[in-house]
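Every chain is numbered from 1 and lettered A, B, ... according to where its sequence line falls, protein lines coming before strand lines. It should be emphasised that the depicted structure is a prediction, and the values quoted were computed from it without experimental measurement.
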Number of protein chains: 2
Amino acid sequence: MDVKTVCLGMLTDGPASGYDLKKEFESSFGHFFAAGYGSIYPALSWLADNGLVSCEEIAQDGKPDRKLYRINEAGRQFLLEALKNTQPCHKVRSEFLATMCFAHLMEGEDIQAVLDHRLSEISRYRELFRNIEQEGMCDWTEGAKFVLGFGKTVAAAMETYIKENRHTLATESTAKSATG
Amino acid sequence: MDVKTVCLGMLTDGPASGYDLKKEFESSFGHFFAAGYGSIYPALSWLADNGLVSCEEIAQDGKPDRKLYRINEAGRQFLLEALKNTQPCHKVRSEFLATMCFAHLMEGEDIQAVLDHRLSEISRYRELFRNIEQEGMCDWTEGAKFVLGFGKTVAAAMETYIKENRHTLATESTAKSATG
DNA sequence: CGCAACATGTAAGCGGTTACATGATTAC
DNA sequence: GTAATCATGTAACCGCTTACATGTTGCG
């Protein structure tokens with residue numbers, strides 16, 4: 001499932017512009033699926049070119065025309081087809097863990113700085129989760145609740161693990177033997 | 001940190017061939033950093049071209065020459081420099097969670113199949129972790145232990161969450177209203 | 001007889017990131 | 001005045017994936 005398909009899925013919630021979708025990628029999808037304008041706008045163009053969405057241009061004074069995309073029946077079929085893949089992947093690419101693998105080559109201060117940074121990133125996610133929840137969960141689908149809960153659970157587990165085990169990663173490292 | 005740098009880091013453990021490194025990417029690094037031959041061999045060539053590793057060709061009968069790469073002082077400096085980045089990222093890209101966001105458009109059976117598949121993937125990781133541990137952890141660095149523990153903790157948290165919450169994702173969906 | 005393991009590499013392609021390009025409005 | 005928000009897009013680039021290409025040894 002690529003950015004195109006996710007955009008299509010988001011449009012089942014109602015018509016939206018590329019700008020709107022970007023905000024959704026940053027909020028509810030922020031913890032597991034990143035996409036910038038450079039992916040979103042071409043994706044929407046492609047969906048329109050392939051007749052999966054319609055586009056309504058709304059003139060605005062000062063600002064560029066707002067383009068409201070709306071999913072159509074062909075788009076809904078395409079999405080449903082994509083959702084039939086029962087083996088969707090869940091990929092992690094962690095430069096953080098890679099760095100920790102080589103902690104014995106680093107200086108103690110740097111290791112702790114890396115861990116602090118990771119904890120702060122996790123905090124940002126947890127704050128994001130709180131913001132999302134505050135904006136009302138009454139009309140949420142079970143799927144959306146499941147995904148949010150998943151993010152919260154995993155973030156909490158990571159935070160606890162780092163806090164409980166950071167002390168094992170030395171204050172004084174073997175960096176000297178590596179440099180000299 | 002890219003594949004090049006991770007290869008360089010792996011070589012601090014001792015000389016190795018591209019084939020050897022691939023196995024390490026599959027085992028200890030399997031849960032957070034994927035790389036195939038198509039990335040590894042060009043990475044090693046690049047490292048050799050840039051004087052960060054030396055290469056010893058070992059003739060073998062029948063098989064192609066085995067190329068043993070060895071990190072040198074320039075390589076060690078390069079690695080140490082890369083490890084000074086105290087903001088290494090930890091990226092997740094989950095088609096699984098994206099799919100679950102649209103669970104209300106899916107049929108109940110398919111949703112459960114997706115969850116079953118995810119659980120089986122998690123099981124595979126946990127089995128991998130067990131295999132790694134059985135091959136002796138006595139000479140492991142604290143960093144390696146930390147990373148393995150991190151993987152185990154996160155995998156366990158995911159598994160528990162999915163098992164405890166899968167029942168919220170309906171048996172009978174609203175798929176009919178989406179198709180019709 | 002076939003498959004897994006050993007062993008190296010190239011080339012095309014794909015998907016996403018980053019930087020660039022533009023510009024009005026509103027809030028501090 | 002200056003930063004953020006609204007609003008859209010292109011083009012170059014980068015890094016990784018996938019498919020292709022080759023060939024032996026040894027096990028069941």
Open item on the list: Apply side chain to side chain donor-acceptor pair (under 3.5 Å) to residues B/E81 and B/Q77 and explain how you reach the verdict.
Closed with: CA-CA 6 Å; B/E81 207 55 45; B/Q77 286 307 316; over 6 Å; no

Provide, to the nearest angstrom, the distance between the [atom1] atom belonging to [X] and the [atom2] atom belonging to [N].
X	N	atom1	atom2	result
B/L44	C/dA7	CG	P	14 Å
A/D49	D/dG9	CG	P	11 Å
A/Y41	C/dC20	OH	P	19 Å
A/K67	D/dA7	NZ	C1'	11 Å
A/I58	D/dA7	CD1	C1'	12 Å
B/W46	C/dG9	CH2	P	17 Å
B/Y37	C/dA11	OH	C1'	19 Å
A/L47	D/dG9	CG	P	13 Å

Parallel, tilted or perpendicular for [X] and [Y], by the 30°/60° rule?
X	Y	value
B/F33	B/F25	tilted
B/F129	B/H31	perpendicular
B/F150	B/F146	tilted

- [ ] Taking only the side-chain nitrogens and oxygens of A/R93, find out if one of them lies under 4.0 Å from OP1 or OP2 of D/dC16.
- [x]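 For D/dC16, OP1 or OP2 has a side-chain N or O of A/R93 closer than 4.0 Å.
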
Task: Phosphate OP1/OP2 of D/dG15 contacted by B/S39 side-chain N/O (<4.0 Å) - done: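 The answer is no; no side-chain N or O of B/S39 sits under 4.0 Å from OP1 or OP2.
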
Open item on the list: If you assign B/G38 and A/G38 each to the DNA chain C nucleotide with the nearest heavy atom, which residue ends up on the more 5' nucleotide?
Closed with: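 Nearer the 5' end of the strand: B/G38.
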
- [ ] Flag the pair A/D116 and A/R166 as a salt bridge only when some basic side-chain nitrogen lies within less than 4.0 angstrom of an acidic carboxylate oxygen.
- [x]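 Looking at A/D116 and A/R166, the cut-off is met.
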
Task: Side-chain ion pair, A/R66 and A/D20, N-O less than 4.0 Å - done: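 Result for this pair is yes, salt bridge flagged.
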
Task: Neighbours of DNA chain D within residues 15-35 of chain B, by heavy-atom distance under 4.0 Å - done: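 Those residues whose heavy atoms fall under 4.0 Å from DNA chain D, taken from residues 15-35 of chain B, amount to none.
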
Task: Minimal non-hydrogen separation, B/I71 against B/L11, with atom names - done: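 What the structure gives for the nearest pair is CG2-O, 3.7 Å.
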
Looking only at side-chain atoms of [X], point me to the closest of [options].
X	options	value
A/V3	C/dT8, D/dG9, C/dG16	C/dG16
A/P42	D/dT8, C/dG9, D/dT10	D/dT10
B/D2	D/dC16, C/dG9, D/dT8	D/dC16

